[in-house]
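The structure appears right after this line, and notes come after that.
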Amino acid sequence: MADTDSVVRRRPDCAWQHVNDKIVVVTAATRRVHILHGSGGALWGFLARPRRVDDCVVFLQQAYEVDADEARADVVDFFASLERERIVERIGQDAPQKD
Amino acid sequence: MRLFAPAPSAWEDEAVRYASFQANDLPADAVSVSVTFARFRRRQRPVVVDGDPEGYSFSSESFQGRYARRQHRVDVRCASLRGVVDQFLRVLYSVLLFEQKGFLIHAAGLAFRGRGFVFAGTSSSGKTTLVRRAGEAFDVLGDELIAVRREASGYRVSATPFSGAREGPVVAHSAPLEKIFLLDRHRDAVPLEACVTTGSAGSPLALEEAVAALLRHVFFFLRSRETGQAMLELLLDCARRVPVRVVNPSGTLYVAGEISHGRH
């Protein structure tokens, strides 16, 4: 998921729950359990609706005061791992509605 | 649960255990299961359970069945192979239990002085060994799959006929669930009686870790997001109400009033 123009969303078949300040996610397809915390949990919250990867990078920059390159690398790595685990998916490059 | 099936040539070992279904206090009591044996093409297929307003459909490489909710009736065709009826009933039971805010979990279950304890673990984690080493002070609820369900004041743990290496009939005991332990053989051993009598045996888990661990051990086949969400919420509620700890319980032998620990 290197393309930062692409739009990412939570997979609709994932079940998840806030537990304390973490997110517990269960994938319906694989029945694997994941715990997202820190910036991972924050990005999951930001994905309450589909987002462009670029927007996620800006969100992370603002939330954690990291520079753009670091934020981009973190977001791309994070989404790549979530995509492998079938927790998020790309749905194209259409720009979602702005807040 | 009432089970109607041809002569149990393919499942005689299990048939003894299913007698306990008759006396079980679980919500599946009212369901009649009619089994017929049939030929199945051997091909690798996962267990699939699909729910709809009228009931559930079940399929796998060795059984195919339908539960009609209104009639409280299950009709299932099973391959005439050892263990298939047992496999189907496990899946069916997990679905019926889930409808009653309960779940089956891979665990050994013990009752001690009227209180229930679950020891969850994967295969080879020591569930059957634990049950074999439990002294007479313990009532054995099972060594493989244990039923846990919500009730007004908390959770209740119940025996099921679904055994691992343990043989013979299962007594349909149940008890209020006091504590859930996750088995970990790499930890220092703690005497079994200490596990069930002291609050500090083993290590506590953060709530999210407890929920994740329970999810890994739950026997569950419904795959829709809604059912996954409902199970997640049920386990979160359970972990909030029932302490979940990690422990390595050792066998306990009572000798002349003293306690000595068996080898683990």
Are there over 12 heavy-atom neighbours, none belonging to B/D52, within less than 6.0 Å of that residue's CG?
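More than 12 heavy atoms, drawn from other residues, nucleotides or ligands, come within 6.0 Å of this atom.
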When you compare the side chain of A/I35 with that of B/E209, does any pair of heavy atoms fall below 4.5 Å?
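They are in contact (side-chain heavy atoms under 4.5 Å apart), so the answer is yes.
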Please find the pair of heavy atoms, one from B/R225 and one from A/A15, that lie closest to each other, and give the distance.
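Heavy atoms of B/R225 and A/A15 come nearest at O-CB, 4.1 Å.
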Between A/H34 and chain B, with a heavy-atom cut-off of 4.5 Å, which part of the residue counts as in contact: side chain, backbone, both or neither?
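Contact with chain B: none, neither part.
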Nearest 0.5 angstrom please: B/L215 CG to A/R32 CZ, how far?
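The CG atom of B/L215 sits 13.5 Å away from the CZ atom of A/R32.
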Any chance you could measure A/I23, atom CD1, to B/E208, atom CD, to the nearest 0.5 Å?
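Here the rounded value is 10.5 Å.
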Part of B/L236 within contact of chain A (heavy atom distance under 4.5 Å):
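B/L236 touches chain A through side-chain heavy atoms alone.
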Residue B/E226 versus chain A: region with a heavy atom under 4.5 Å
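B/E226 has no heavy atom closer than 4.5 Å to chain A.
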